[in-house]
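What follows is a short report on a single structure.
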Amino acid sequence: MSDEAVHPDAASGRTPAHRYSARLAARIEGKWQDFWERDGTFDAPNPAGPLADPAAVAGRQKLFVLDMFPYPSGAGLHVGHPLGYIGTDVFARYKRMKGFNVLHALGYDSFGLPAEQHAITTGVHPRVNTESNIATMRRQLRRLGLGHDPRRSVSTTDEAFYKWTQWIFLQIYNAWYDERAGRARHVEELAAEFSSGARTTSDGRPWSEMSVGERHDEIDRRRLAYLADAPVNWCPGLGTILANEEVTAEGRSDIGNYPVFQRNMRQWMMRITAYADRLVDDLDRLDWPEPIKLMQRNWIGRSEGARVVFSSPAGSIEVFTTRPDTLFGATFMVLSPEHPLVGTLTSPDRRADVDAYRAAAAAKADAERQDDTREKTGVATGGTAVNPVNGAEIPVWIADYVLMGYGTGAIMAVPSGDQRDFEFARAHDLPITATQMPPDAWFADRGIDPSIDCGTWPEAFVGEGPCVNSSNDEVSLDGIASIADAKSRITSWLESRGLGSATVTYRLRDWLFSRQRYWGEPFPIVYDTDGRAHALPESHLPVLLPELDDFKPTALDPDDSASDPVPPLARAGHWVATTLDIGDGERAWRREVNVMPQWAGSCWYEMRYLDPTNTGAFVDPEVERYWMGPRGDGHTGGVDLYVGGVEHAVLHLLYARFWHKVLFDLGHVSSEEPFHRLFNQGYIQAYAFRDARGQTVPAAEVTERDGSWTSNGEPVTREYGKMGKSLKNIVTPDEMYEEYGADTFRLYEMSMGPLDASRPWNTRDVVGMQRFLQRLWRNMVDEDTGAATVQESSPPEPLLRMLHRTIAGVGADMEGLRFNTAIAKLIELNNALTQHVNTAGATPRAIAEPLVQMLSPLCPHLAEELWSLLDHAGSITHVPFPVADPGLLAEDSVEVPVQVNGRLRGRITVAVGADEDAHTAAAMAVDNVRSAIAGRQIVKTVVIPGRTVNIVVN
RNA sequence: GCCCGAGUGGCGGAACGGCAGACGCGACGGACUCAAAAUCCGUUGUCCGAAAGGGCGUGUGGGUUCGAGUCCCACCUCGGGCACCA
């Protein structure tokens, strides 16, 4: 805050020359950062390849610590950004001291929209902007003292990196999912199976009778990366397809407010749905926070049920249902307005209404259609279908609450057992038949008498209840109380009659992988004159981005929904139309002009950290096995600790898992999962302030008094949220370096609370950590001379015992990433040490050294400096972490609280290992306890030796 | 609407079902100083009390238990995710 006390350095010349001030910290920090860089202190040896040092690898456990891949933003960092990086750095440094070979590096996810937008407005090539942003971020992070292996810092925009992104794309492209084997295989093996007849082609024709082009198409249909007509948000005014988040509720573009059209377009897709089951099932083997697993499960949305065929004059209509046991209650059907059978089903007298409804539904944006007030609109087609279990002829409706993209785009409506169907039936006067008898309590809760007549029901019944009205000549569910039993009985009947089968569907859709942008990885794909896609051979990689003058997608007539996008690359005429030899001589080709999405690089970057300079493979298999291979049977392998925010809980983590599994299936990696242990850090948030007009005022100028805030004398209101330019509440690491130094800043961030909790930034509190470090420094260094002041005499036993308790506690806290409590313990030790120094005059070396060692993961620069002042040569980085002496941890007596009826009435000190009687006797001797139980009857006495005594009286 | 997560002093936060509030900030008092800063030493949940001690206290209401911030049920508030998924 602006009225903060004048900084000590500036106050007068009387500040001791060697006080641990921001200025001294800066000098120490710069010195050790230079040392680490020269020394290669954090270089992690590999078992093989260019970074190999087998001798350094031998006999050590390994640890791969990873931060989520940052985008090098031009805006620079604020104090919230490094939170996770500091956390992983502290953990990594701790583990180095425990003897681990630690790999910790940071690279840059540098493709992406901001650089491209910047290029569009300034005309400067995105590479220039990207590289300067990376340089800025590297400088800011270097100043933090992170122990990264600089040799392993890669960027997705490096040609040597995206060559391998393209290579991995080709592996996926050249693979298909073999359902029988439950894994991906190379498409050559698929062609061989077609050829041998082991597998039949999609239309059943023999492989030998198909033309080359037909064979090509047959394979293309099965690839894991494939071209398909996918529904997209096409915005001709911007010349690009938009992500759902970029479309407003009104169906217009977020940027520019142009119309957006729902359209099918030919796009690259990734067949992630083939992996849906494994992506769900393998979550069980990961060490991830449960809420994140749950979010992934919900996103994949596996639901088990049955497909059931209803016959109709227009042909059979297939539905998906999770409740085939309620089939007897299906009193009507609802199709999605886009369902292909709607046209033929509609009777002449209904035609006008149906057409109008379909047109209205098509005009609605997705968001609008979903965000509706939930009124169940719909129209009857006039057509009917036959319920296969009872032969009932039931009406067929269309309604936009049924989505073409999920299941089969048609549902059987069971209004008695589904609330949506119930509302629809009530709204449109359709019959409702119960198929289950709800329990009496259900009726009682709703204040009605139990009845099988749904006319009295206020809502659908969803739950377990015995089946009713559910039988035909061949099968009866009546009386079955278990949904699962009823489901399996009716499903096997349906299967026996060829009317349906057990099926699983997923909410997960295949992944739209094309972007109409410039600043992304080009696809290693060319098209022949028939428009068929061909993969470029590995020798042609990388496919480099062509140089352009203008990076914008071509804008088109904003209202012309039928136009096609012209991505920036399409304007690179010579690049697009090319002549290449891709294996069968020089031929003319047309290049793919879309680029990959930003997710691509982050799907595999962690493996490039392992072997960043390898030119023959994306990663050496031996190196991958060493750092990421499974540890024992059933272990998935993967990164040992992955730290990042929850915002990537679904997409990034799901996409990366998918790519990793493909690479595993194809034998390129030994690990089944990329990230074995995941930890979600919290966010640092900040207060923002607004004046009477609602304008934000700079948070730094606000002062607080008695719970209200003013800025330049004017009252302001406070709100809480993210740090941001518009909120004028940004605090940068650079300001913290300037005022306190990096070690104090690191310590403050770690002390604020547990790593996984979000908390408010409060610059005012930082000084507490600086004071701690100053006290610690003063306990070991003469502030006037700068010389170490430790003495060789042995410390008093209580202090020594406290040291060993601290060692044990800090070690356990570090293992558990509980840095805030580790810091509290170090402060307590240092406070005790200060008391000792106040009387004895100096710190015993036997305390100073382990204290510095324990501090070093948190405040590495200061620890290095003190370590060298304590006459040690070289870095403290690999000095073993202190080990607690069990003999000094054991106490001979312990204080135990005494309760009477659960209320604390006194304390006793008993010998460790004292029996219950000894506890009781001591407790009874306490005056306050005696007066509390005076005149009352002791009912019983609960003694947990060493923990508590509770005397129960009446 | 459904699913997660969180509610503890003035503030950030500690606390294997066993002494609620460690540690830090802030505030108050003292030492040092001509004075201030810095530093060091204390006090600091709240109410009653001179003190000893006691009452009340972990979002609200119930419950389990000798004992609940911690476990169970219901509710309230805030944060996040999904949102007509058949």
Side-chain angles (χ1 to χ4, degrees), chain A residues 5-8 11-12 14-16 19 289-295 297-299 301 303 305 319-323 334 369-372 374-376 399-403 405-414 418-421 423-424 505-507 646-647 649-650 680 683 685 704 706-707 720 747-748 751-754 756-762 764-769 771-772 774-775 778 783 818 820-828 831 834-835 838 895-907 927-928 931 939-944 946-953:
Chain A
V6 184
H7 198 269
S12 76
R14 292 170 59 195
T15 304
R19 167 149 306 166
E290 260 332 297
I292 302 296
K293 290 186 181 183
L294 196 65
M295 282 163 72
R297 285 192 194 103
N298 289 342
W299 187 264
S303 57
V319 303
F320 172 75
T321 176
T322 55
R323 292 293 303 276
V334 187
R369 197 164 142 178
Q370 288 170 5
D371 199 42
D372 246 339
R374 304 191 153 213
E375 213 171 293
K376 294 288 172 283
D400 63 8
Y401 78 90
V402 177
L403 310 174
Y406 184 78
T408 62
I411 61 162
M412 61 177 217
V414 183
D418 180 284
Q419 187 57 23
R420 265 179 339 228
D421 295 346
E423 286 168 24
F424 193 85
T505 60
Y506 305 88
R507 203 192 77 106
V646 271
E647 72 272 24
V650 176
N680 287 118
Y683 296 100
Q685 300 188 297
E704 194 225 323
D706 303 331
Y720 181 57
L747 196 62
Y748 173 62
S751 73
M752 291 166 82
D756 56 0
S758 292
R759 50 310 242 319
W761 177 265
N762 204 343
R764 200 176 62 175
D765 291 351
V766 181
V767 70
M769 293 303 118
R771 285 182 196 148
F772 161 55
Q774 284 176 337
R775 274 199 302 276
R778 199 179 304 115
E783 285 194 326
R818 295 185 299 269
N820 54 330
T821 51
I823 292 167
K825 291 179 174 82
L826 291 174
I827 292 172
E828 285 180 284
N831 287 348
T834 303
Q835 303 262 11
N838 284 346
E895 195 182 65
V896 173
V898 180
Q899 300 173 343
V900 176
N901 281 353
R903 308 186 65 93
L904 181 71
R905 294 299 173 196
R907 298 181 179 83
D927 285 347
N928 212 38
S931 57
V939 178
K940 71 168 167 181
T941 306
V942 180
V943 179
I944 314 291
R947 307 281 319 170
T948 192
V949 175
N950 189 11
I951 299 160
V952 185
V953 297

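Below, chain A is the first sequence line, B the second, and so on; all start at residue 1. Atoms considered below: every heavy atom in the structure, side chains included; atoms not considered: hydrogens, waters and symmetry mates.
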Using the C1' atoms only, state how far B:rU65 lies from B:rC73, rounded to an integer number of Å. 16 Å
Under the rule syn = chi within 90° of 0, otherwise anti, which is B:rG9? syn
Which nucleotide sits closest to the side chain of A:V402: B:rA83, B:rA86, B:rG55? B:rA86
Hey, mind stepping through A:I951 and A:T941 against side chain to side chain contact (heavy atoms under 4.5 Å, CB included) and telling me if it holds? CA-CA 5 Å; A:I951 299 160; A:T941 306; 4.0 Å; yes
Taking atom P in both B:rU8 and B:rU58, compute the distance separating them and give it to the nearest angstrom. 11 Å
I need the CD-C1' distance between A:Q835 and B:rC41, as an integer number of Å. 9 Å
Spacing of the P atoms in B:rC28 and B:rA37 (rounded, Å): 12 Å
When rounded to whole Å, the OH to P distance for the pair A:Y748 and B:rG12 reads 11 Å
Which nucleotide in B:rA86, B:rG12, B:rC82 has an atom nearest any side-chain atom of A:W299: B:rC82
From CD1 (A:I827) to CG (A:L747), nearest 0.5 Å: 6.5 Å
B:rC47 and B:rA51: how far apart are their P atoms, nearest whole angstrom? 14 Å
B:rA83 OP1/OP2 closer than 4.0 Å to side-chain N/O of A:R507: yes
Of the options B:rC4, B:rG53, B:rC41, whose atoms approach the side-chain atoms of A:T834 most closely? B:rC41
Atom-to-atom span, OH of A:Y401 to C1' of B:rA86 - whole angstrom: 8 Å
Closest nucleotide among B:rG13, B:rC41, B:rG54 to the A:R759 side chain: B:rG13
Over all strands shown, is A:T941 touching base, sugar-phosphate only, or nothing at heavy-atom distances under 4.0 angstrom? nothing
Protein-nucleotides 18-24 of chain B N/O pairs under 3.5 Å:
residue: B:rG18; atom: O2'; partner: A:R947; partner atom: O; Å: 3.3
residue: B:rG18; atom: N2; partner: A:Q899; partner atom: OE1; Å: 3.3
residue: B:rC19; atom: O2; partner: A:R907; partner atom: NE; Å: 2.4
residue: B:rC19; atom: O2; partner: A:R907; partner atom: NH2; Å: 2.7
residue: B:rC19; atom: N3; partner: A:E895; partner atom: OE1; Å: 3.4
residue: B:rC19; atom: N4; partner: A:E895; partner atom: OE1; Å: 3.3
residue: B:rA22; atom: O2'; partner: A:E828; partner atom: OE2; Å: 3.2
residue: B:rG24; atom: OP1; partner: A:N831; partner atom: ND2; Å: 3.2

Any chance you could measure A:N820, atom CG, to A:R759, atom CZ, to the nearest 0.5 Å? 7.5 Å
A:E828 meets the side-chain hydrogen bond (donor to acceptor under 3.5 Å, both in side chains) criterion, sequence neighbours left out, with none
Return the value, rounded to whole Å, for the distance between atom CE of A:M295 and atom P of B:rG80. 12 Å
For A:R775, what residues pass the side-chain hydrogen bond (donor to acceptor under 3.5 Å, both in side chains) criterion, not counting sequence neighbours? A:N831
Considering only atom C1', compute the distance from B:rG67 to B:rC19 and round it to an integer number of Å. 12 Å
The ring-ring contact (aromatic ring centres under 6.0 Å, His included) partners of A:F424 (sequence neighbours excluded) come to A:F332, A:W397, A:Y401, A:H428
I'd like the C1' distance from B:rG45 over to B:rA50, given in whole Å. 22 Å
Is a side-chain N or O of A:Y748 found less than 3.5 angstrom from the main chain of A:N762, in a donor-acceptor match? yes
May I ask you to test the A:D418-A:I411 pair for a side-chain heavy-atom distance under 4.5 Å? no
Determine the contact category for A:R905: base if any of its heavy atoms lies under 4.0 Å from a base atom, sugar-phosphate if only primed atoms, P, OP1 or OP2 are that close, otherwise nothing. sugar-phosphate
What residues, two or more places apart in sequence or in another chain, satisfy side-chain hydrogen bond (donor to acceptor under 3.5 Å, both in side chains) together with A:Q835? none
In whole Å, what separates the P atom of B:rG62 from that of B:rG26? 40 Å
For RNA chain B, whose closest nucleotide is more 5', that of A:L294 or that of A:S303? A:L294
Pairwise side-chain contact, A:V952 with A:K940, heavy-atom cut-off 4.5 Å (strictly under): yes
Determine the Euclidean distance between corresponding C1' atoms of B:rA74 and B:rC56; express it in Å to zero decimal places. 25 Å
A:N901 side chain to A:V953 main-chain N or O, any donor-acceptor pair under 3.5 Å? yes
For B:rC40, does OP1 or OP2 lie under 4.0 Å from any side-chain N or O of A:R778? yes
If you assign A:P760 and A:T321 each to the RNA chain B nucleotide with the nearest heavy atom, which residue ends up on the more 5' nucleotide? A:P760
For RNA chain B, report each stem as range with range, ordered by first number, or say none. Use Watson-Crick or G-U wobble pairs under 3.5 Å, at least 3 in a row. B:1-7 with B:76-82, B:10-12 with B:23-25, B:26-31 with B:39-44, B:45-48 with B:53-56, B:59-63 with B:71-75
